Amino acid sequence: MTTDAPARTQRPERFDPSTFEQKWRDRWEVDELYVARDDDPRPKRYDLTMYPYPSGDLHIGHWFAMTGPDIVARMHRMQGYNVMFPMGFDGFGLPAENAAIDRNIHPATWTFANIDTMRRQMRLMGASFDWTREVVTCDPDYYRWQQWLFLKLYEAGLAYKAMGAVDWCPKDKVVLAREQVVGTERRCWRCNTQVEKRDLEQWYFRITSYSDELLNFDGLDYPEPIKAMQTNWIGRSEGAEIDFPTEPDDVEPIRVFTTRPDTVFGATFMVLAPEHALVTVLTTDDRRADVEAYVASARRETEIERLNTEREKTGVFIGAYAVNPMTSERIPIWIADYVLPGYGTGAIMAVPAHDERDYEFARKFDLPIRYVVAPASGPLPEGEALVGHSADEVLIDSGEFSGMPAAEAIGAITRALEERGQGQFAVTYRQRDWVAGRQRYWGAPIPIIYCDEHGAQPVPDEQLPVVLPTDVDFAPTGVSPLQSHAAFLHAECPVCGAAARRETDTMDTFVDSSWYFLRYCSPHDDAAPFDRAKVDEWMPVHLYTGGAEHAVMHLMYFRFFTKALRDLGLVGLDEPTLKLRNQGQILGADHNRMSKSRGNVQAPDELVERYGADTVRAFLMFIGPWDQGGPWNPSGIDGIHRWLSRAWGAAVVTEGPADVADPETERALRRAAHVATGEVTDDIAEMHFNTAISRLMELTNALVRAREAGLAGTAAYAEAADTLLLLMAPFTPHTAEELWERRGHAYSVHTQSWPIADAALTATETIELPVQVDGKLRDRLVVTPDTPAEEIERMALASVHVQRYLGGQAPAKVIQIPGRLVNVVTPR
RNA sequence: GCCGGGGUGGCGGAAUCGGCAGACGCGUCGGUCUCAAACACCGAUGAGUGCAAGCUCGUGUGGGUUCAAGUCCCACCCCCGGCACCA
């Protein structure tokens with residue numbers, strides 16, 4: 001109706017972040033408040049959060065992820081640590097190419113423009129990043145050293161090129177590491193397209209050399225799910241390899257891997273993967289046509305979809321026989337697609353009585369089923385396999401091993417086979433080597449030169465970096481785009497100088513993120529990837545935070561890289577970080593992942609425009625546990641704004657002498673400040689930011705009440721208000737800074753010492769003791785902490801609310817938990 | 001199926017070395033202010049019952065241990081994430 005709203009600025013005490021937030025950010029920047037110096041004598045602390053991919057805009061999820069560790073880093077600084085909290089950009093990667101193709105601009109242009117935008121957005125949130133250490137992985141100054149590290153790994157045999165069946169994303173036209181294929185439906189982790197199998201020559205990192213070490217989490221404070229996922233992913237299985245001689249010619253024995261060598265007497269047939277090398281050798285002429293048809297169909301199947309694990313077993317007999325090394329029995333050799341070429345030895349001894357899959361197969365093709373393990377008491381199962389390993393099982397029909405407990409027989413039979421040279425203990429892993437090369441343009445070139453005479457040769461150090469040329473037609477074809485760039489492709493052999501070809505594959509971007517944390521320690525070093533002395537001083541990372549979605553990708557690769565570099569003598573570390581924490585994910589309001597295509601992305605900018613950065617930061621930290629996340633729901637942000645307004649009022653309006661000198665109220669306020677100090681400190685350390693903010697709200701409310709009670713001019717009030725600002729500083733750095741100044745203190749609140757809770761001041765004069773009867777709350781007693789137990793018991797029993805239940809009888813028992821409660825137990 | 005995490009008011013969530021369930025906030029209702037509305041502020045707010053003091057019930061379900069269970073034990077249900085013909 002009317003448009004004449006009163007101007008907001010006419011009330012000077014009103015909380016209006018737009019009047020001061022930018023001012024303070026600029027000042028912190030100029031004063032280098034958050035720059036970590038190597039020569040600072042205070043104890044060093046390296047707090048790291050995962051750098052983002054420069055997709056172009058920071059959404060509310062980035063703020064959520066980064067504000068938590070920012071709060072921790074800020075508290076650590078105030079606690080007297082020399083904190084390094086760096087930030088950078090994961091500059092290489094497919095989205096840049098895809099965007100570049102869509103918009104007809106160069107990936108470099110797109111990426112660096114996005115980095116500028118995101119840097120600005122990150123500054124807007126008032127995070128305390130040390131921008132002097134910024135790392136951008138697509139910068140030749142960075143990837144030069146990555147190429148250098150690649151060659152170190154190559155020379156150590158930890159990077160190698162080999163032919164193999166690899167996962168291929170038909171949309172991105174790129175190979176994927178096995179970890180980058182997600183879910184039962186085997187989709188590309190990035191674009192969600194179903195992957196295909198292809199036989200290609202690829203670069204690999206020998207991560208499987210570290211499988212056992214990667215399984216060891218001793219001394220690592222990692223979230224349970226991450227440890228479980230990595231452990232599952234590596235998939236260590238202990239068992240035995242057993243050789244089964246073949247008939248008629250015994251060209252070569254078939255080697256199988258089994259976790260149940262105790263069941264070898266029950267192996268009544270063998271199954272090879274259709275791809276197994278011995279299939280063509282062993283197949284008899286009369287079976288050849290059927291076998292070849294089956295192999296062809298199995299190959300086709302893996303290329304199409306092998307989604308249905310519920311389908312009926314298929315397979316064919318190849319006409320040949322093997323000999324069970326324990327029973328000397330001739331057993332038929334089959335091929336079937338349920339035996340996978342990439343696991344174990346690609347061949348199994350089939351023990352249908354003790355394996356569900358073998359059982360199903362035997363029933364379908366009418367093969368013998370022989371139980372060789374039985375429960376110590378009770379009957380054998382009927383119509384199903386006896387699987388699992390219950391402790392009381394013993395062997396039956398197993399020659400001299402009959403009667404032996406199954407658990408014991410595993411070792412005994414393996415040793416027996418070993419003596420005959422037909423078997424040995426063995427360990428198998430599910431984990432595969434990391435496919436490290438990519439057939440795309442926007443990545444770090446792999447620094448290898450191929451000479452007809454001298455084969456693959458590393459690019460000499462002095463020729464690094466192998467710079468990624470800019471004038472490349474990078475449209476994806478499935479072949480590395482650099483192959484069509486003649487000037488790049490042609491090189492001289494480092495050995496003989498003859499015309500040679502450059503490797504045109506580029507590195508997986510996960511290589512970039514496998515060592516960036518080391519580069520932060522000496523980001524401008526132009527003589528080495530990192531300065532060993534500085535790495536020794538800063539590393540390992542004290543607290544690493546980021547998303548859990550990288551459980552078996554980045555979070556495994558960066559551990560592998562650290563261990564590999566250690567073995568090369570380049571670092572003195574076993575692990576990149578000793579403590580890992582994952583934030584939850586902020587979903588769209590529709591409970592789906594935020595994405596542009598769904599249109600559910602919440603940008604922080606408009607919220608900041610309306611409420612200011614501090615309100616947005618605090619709201620994100622308040623909505624729930626930081627490690628949980630959840631759907632975006634802005635209802636409640638007004639509550640945070642109200643809190644900051646109240647804090648503003650409480651901190652600013654302190655003038656005037658105390659109207660009422662009430663020592664008890666004053667003590668209560670002082671106590672509130674110290675209680676809040678202790679709790680906020682603990683909460684930040686445990687990353688319980690939501691409860692920390694609750695405590696800050698409580699302290700604010702205590703101040704407001706104290707002011708109403710006339711305490712505004714007292715020392716206790718001033719101390720509590722100052723404490724509030726110090727505790728708020730990590731959460732709402734701008735508001736704390738502004739109020740710190742308005743209270744007449746010297747700049748900056750962020751260089752003050754973190755307050756310490758005084759236990760003497762948090763103690764109370766009286767405590768309220770709940771009184772229970774049979775565990776149900778019936779009354780409360782107010783006593784001093786030193787009241788003797790007999791006195792408390794007397795008071796409790798005197799209570800009318802207790803007497804009502806006792807009815808004049810003496811209690812059966814009275815239980816006291818000192819300082820906590822009293823429980824009167826009635827006789828029964 | 002296996003591994004991991006989780007089920008608490010109308011909502012987000014507190015509280016787990018067993019000891020007052022529901023902190024803090026949102027929302028809602030009532031009030032103050034206002035011509036009115038918004039904002040702000042004050043009060044109430046788990047459910048049921050009672051004039052009231054109070055009582056009963058209540059943390060996914062069913063059992064159990066205990067003076068006392070959201071918390072521990074057994075069995076199960078549901079949700080989320082990961083893996084899955086892994087021998």
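Because only heavy atoms are used, hydrogens play no part in the values below, and waters and symmetry mates are left out as well, while side chains stay in. These figures come from a predicted structure and were not determined experimentally.
- Across all strands, A:Arg432 comes closer than 4.0 Å to no nucleic acid atom at all (heavy-atom distances).
- Residue-level contact check: A:Arg642 touches the backbone only, with heavy atoms under 4.0 Å from sugar-phosphate atoms and none from bases.
- Across all strands, A:Arg255 comes closer than 4.0 Å to no nucleic acid atom at all (heavy-atom distances).
- Between A:Ile369 and A:Thr268 the shortest side-chain heavy-atom distance does not fall below 4.5 Å.
- Here the separation of B:C29 from B:G82, taken at their P atoms, is 41 Å to the nearest Å.
- Which of B:C85, B:U56, B:G13 sits closest to the side chain of A:Gln628 comes down to B:G13.
- In this structure, the nucleotide among B:G12, B:C3, B:C42 sitting nearest to the side chain of A:Arg646 is B:C42.
- Using cut-offs of 30° and 60° for the angle between ring planes, the A:Phe257 and A:Tyr343 rings count as perpendicular.
- For the residue pair A:His674 and A:Arg671, no side-chain donor N or O sits within less than 3.5 Å of a side-chain acceptor on the partner.
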Grab the N/O contacts between the protein and nucleotides 64-73 of chain B below 3.5 Å, and write none if there aren't any.
{"from": "B:C67", "atom 1": "O2'", "to": "A:Asn823", "atom 2": "ND2", "distance (Å)": "3.4"}
{"from": "B:C67", "atom 1": "O2", "to": "A:Asn823", "atom 2": "ND2", "distance (Å)": "2.4"}

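- Ring geometry, A:His550 versus A:Trp189: the interplanar angle exceeds 60°, so the pair is classed perpendicular (tilted spans 30 to 60°).
- The shortest distance between the side-chain N/O atoms of A:Asn690 and the OP1/OP2 oxygens of B:A14 is below 4.0 Å.
- Side-chain contact between A:Thr67 and A:Trp626 is absent, with no heavy-atom pair separated by less than 4.5 Å.
- Side-chain proximity of A:Trp233 to the nucleotides B:A14, B:C83, B:A87 is greatest for B:C83.
- Going from atom CD of A:Glu179 over to atom C1' of B:C83 covers 13 Å, rounded to whole Å.
- Comparing the same atom, P, in B:C77 and in B:U65 gives a spacing of 24 Å after rounding to whole Å.
- Considering only the side chain of A:Arg430, B:C83 comes nearest among B:A23, B:A87, B:C83.
- Among the nucleotides B:G5, B:C55, B:C24, the one closest to the side chain of A:Glu698 is B:C24.
- B:G31 takes the anti form, because its glycosidic angle lies more than 90° either side of 0.
- For the C1' atom pair drawn from B:A14 and B:A23, the interatomic distance equals 5 Å after rounding to whole Å.
- Spacing of C1' atoms, B:G50 relative to B:C57, comes out at 15 Å, to the nearest Å.
- In this model, the phosphate group of B:A84 is approached by a side-chain N or O of A:Arg178 to a distance below 4.0 Å at OP1 or OP2.
- B:G70 and B:U59 have their C1' atoms separated by 5 Å, with the value rounded to a whole Å.
- Closest to the side chain of A:Asn701, from the set B:A87, B:C20, B:C24, is B:C24.
- Comparing B:A87, B:C85, B:C55 by their nearest atom to the side chain of A:Tyr805 picks out B:C55.
- Nucleic acid contact class of A:Arg820 (heavy atoms, under 4.0 Å, all strands): sugar-phosphate only.
- Judged purely by atom type and a 3.5 angstrom limit, A:Arg695 has no side-chain atom pairing as donor or acceptor with the backbone of A:Gly678.
- In the displayed structure, A:Glu356 atom CD is contacted under 6.0 Å by at most 12 heavy atoms of other residues, nucleotides or ligands.
- Regarding A:Leu777, its CG atom lies at a distance of 13 Å from the C1' atom of B:G54, rounded to whole Å.
- Taking atom CZ on A:Arg186 and atom P on B:G82, their separation rounds to 15 Å, with Å as the unit.
- No hydrogens or angles considered: a donor-acceptor pair under 3.5 Å links the side chains of A:Thr700 and A:Trp643.
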(message) Quick one, A:Asp774 with A:Lys776, criterion salt bridge (charged side-chain N to carboxylate O under 4.0 Å, His left out). Give me CA distance, side-chain angles, the key distance, then yes/no.
(response) CA-CA 6 Å; A:Asp774 292 334; A:Lys776 285 190 181 0; over 6 Å; no
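- Ring geometry, A:Phe361 versus A:Tyr338: the interplanar angle falls from 30° to 60°, so the pair is classed tilted.
- Counting only heavy atoms from C-beta outward, the side chains of A:Val771 and A:Arg778 never approach each other to under 4.5 Å.
- Counting heavy atoms from C-beta outward, A:Asp355 and A:Ile348 have side chains that stay 4.5 Å or more apart.
- Contact annotation: A:Arg14 does not reach the phosphate of B:A40 (side-chain N/O to OP1 or OP2, under 4.0 Å).
- Side-chain atoms of A:Glu179 and A:Tyr557 include a donor-acceptor pair closer than 3.5 Å.
- Remark: the separation of the P atoms in B:U8 and B:G13 is 9 Å, to the nearest Å.
- Note on A:Gly630: nothing from the nucleic acid sits closer than 4.0 angstrom, heavy atoms only.
- Spacing of C1' atoms, B:U45 relative to B:G25, comes out at 14 Å, to the nearest Å.
- At the heavy-atom level, A:Pro625 lies under 4.0 Å from the strands shown only through sugar-phosphate atoms.
- Side-chain atoms of A:Arg804 lie closest to B:C55 of the nucleotides B:C55, B:C85, B:A40.
- The separation between A:Glu360 atom CD and B:A87 atom C1' is 14 Å, rounded to whole Å.
- Note on A:Ser645: every side-chain N or O is 4.0 Å or more away from OP1 and OP2 of B:A40.
- With distances taken from any side-chain atom of A:Arg695 to the nucleotides B:A14, B:G12, B:G25, the minimum falls on B:A14.
- Comparing atom distances between the A:Ile623 side chain and each of B:G12, B:G25, B:A87 picks out B:G12 as nearest.
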(request) Quick one: the dot-bracket string of RNA chain B, using Watson-Crick and G-U wobble pairs with both distances under 3.5 Å, [ ] for crossing pairs and | for bases paired to another strand. (result) (((((((..(((......[....)))((((((.......))))))((((....))))..(((((..]....))))))))))))....
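- For A:Asp682 and B:A14, the CG to C1' distance is 16 Å, given to the nearest whole Å.
- In this structure, A:Leu644 atom CG and B:C24 atom C1' are separated by 14 Å, rounded to whole Å.
- The separation between A:Phe244 atom CZ and B:A87 atom C1' is 12 Å, rounded to whole Å.
- Computed from coordinates, the A:Ile234 CD1 to B:C3 P distance equals 18 Å when rounded to whole Å.
- Rounded to whole Å, the P atom of B:C79 lies 16 Å from the corresponding atom of B:G60.
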